[in-house]
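For reference, the structure is listed below as structure tokens.
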Amino acid sequence: MNKRLIIGNWKMNPGTLVEAKKIAIKIKRISKKLQNSEVVICPPLPFITNCVSKKNINNFHVGVQTVSVEEEVGPYTGEVNARMINSIGAEYVIVGHSEERARGDSNVIVSKKLINALNAGLISIVCIGEKARDEGGLYLEELKNQIKESIANISKKFAKDIIIAYEPIWAIGAQEPMMPEQIFEMSLFAKKAFSDIFGTENGLKVKVLYGGAVNFRNAVDIINIGKVNGLLIGRESVNTPGFIELIKAVDKIS
Ligand code: PGA
């Protein structure tokens, strides 16, 4: 069965390793019991090795929030490349998050990071999202371009390792998510744009996630009505009681 993906992007939280370990332990415990979903936590880099478990835990994975644009090791102060990440047991990576795009990551940079991540064996979550909506529908062009240019130059053999996360920028950090009915339309749009590049078969298989103001109260409607294959969650992923409620509720959806 194709399980739903619940991805927690911890961003620059929590403040200490002790707190990070506490959250990870609780998420591991609940993940083992899941039937219909898988959980990926993406803590800050210094906490990754402490969150990765030595033994394989059912339905539990660790990812990182970004990766270097540089593929090879070398004189790149502050950078961490995809192979290093793979070597410490992380399996997923988020590329092109809007907070990174806001710091200067263009589609070209996102595409380079993605190629490095895929070559290193990481499953890659490519974030797309419009800043604002306009009546003329230009934002749809922006989204199509984000998909096209971010996954440009990628071999078809990697299509199965790419996940699209649709996150309208105006909903990130907001009080309310996008309406689930609209999420459904956007998920179809993303699948179509993906299939235009990688073919219908891959377009039908690609997982599309929604992100932006998801919490334990709205997650079920987003999955049921929005018909997305999972969720990318910011704030609620470090609010452990809320995140656990969310995981349990989503897992109950058959
Ligand atoms: P949020 O963030 O859930 O706090 O809105 C989502 C994201 O940035 O991925």
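Side-chain atoms are counted along with the backbone in the values below, which use heavy atoms only and exclude waters and symmetry mates. Because the structure is predicted, anything quoted here is derived from the model rather than measured. Each ligand, and each atom within it, is numbered from 1 in the order the structure gives.
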**Prompt:** Would you say Thr66 and Ile94 make side-chain contact, with heavy atoms under 4.5 Å?
**Reply:** no
**Check: Gly211 N/O within less than 3.5 Å of ligand 1 N/O** = no
**Prompt:** Looking at Gly173, which atoms of ligand 1 are within less than 4.0 Å of one of its heavy atoms?
**Reply:** 1 (P), 5 (O)
**Cation-aromatic face contact Lys156/Phe198, 6.0 Å, 45 degrees** = no
**Prompt:** Which ligand 1 atoms are under 4.0 Å away from a heavy-atom of Gly212?
**Reply:** 5 (O)
**Asked** Within the structure, does Ile233 bring an N/O atom to less than 3.5 angstrom of an N/O atom in ligand 1?
**Response** no
**Prompt:** In the protein, which heavy atom is nearest to atom 3 (O) of ligand 1, and how far is it?
**Reply:** Gly234 N, 2.9 Å
**Message:** Using a plain distance cutoff, I'd like to know if Glu99 has any nitrogen or oxygen under 3.5 Å from a nitrogen or oxygen of ligand 1.
**Reply:** no
**Prompt:** Taking side chain as C-beta onward, heavy atoms only, is Asn145 less than 4.5 Å from Lys148?
**Reply:** yes
**Request:** Identify, for atom 2 (O) of ligand 1, the protein heavy atom at the shortest distance, and state residue, atom and that distance.
**Result:** Lys11 NZ, 3.4 Å
**Message:** Contact between Val110 and Arg101 at the side-chain level, heavy atoms closer than 4.5 Å - yes or no?
**Reply:** yes
**Prompt:** Around atom CD of Glu201, are there more than 12 heavy atoms of other residues, nucleotides or ligands at under 6.0 Å?
**Reply:** no
**Message:** Less than 3.5 Å apart, any donor N or O on the side chain of Tyr166 or Glu130 sitting next to an acceptor on the other?
**Reply:** yes
**Message:** Would you say CD of Glu176 has more than 12 non-hydrogen atoms from neighbouring residues, nucleotides or ligands within 6.0 angstrom?
**Reply:** no
**Prompt:** Counting from 1, what ligand 1 atoms have a heavy atom of Ala213 closer than 4.0 Å?
**Reply:** 1 (P), 3 (O), 5 (O)
**Message:** Considering Glu167, Gln175, Arg235 one by one, which has a heavy atom nearer to atom 1 (P) of ligand 1 than any of the others?
**Reply:** Arg235
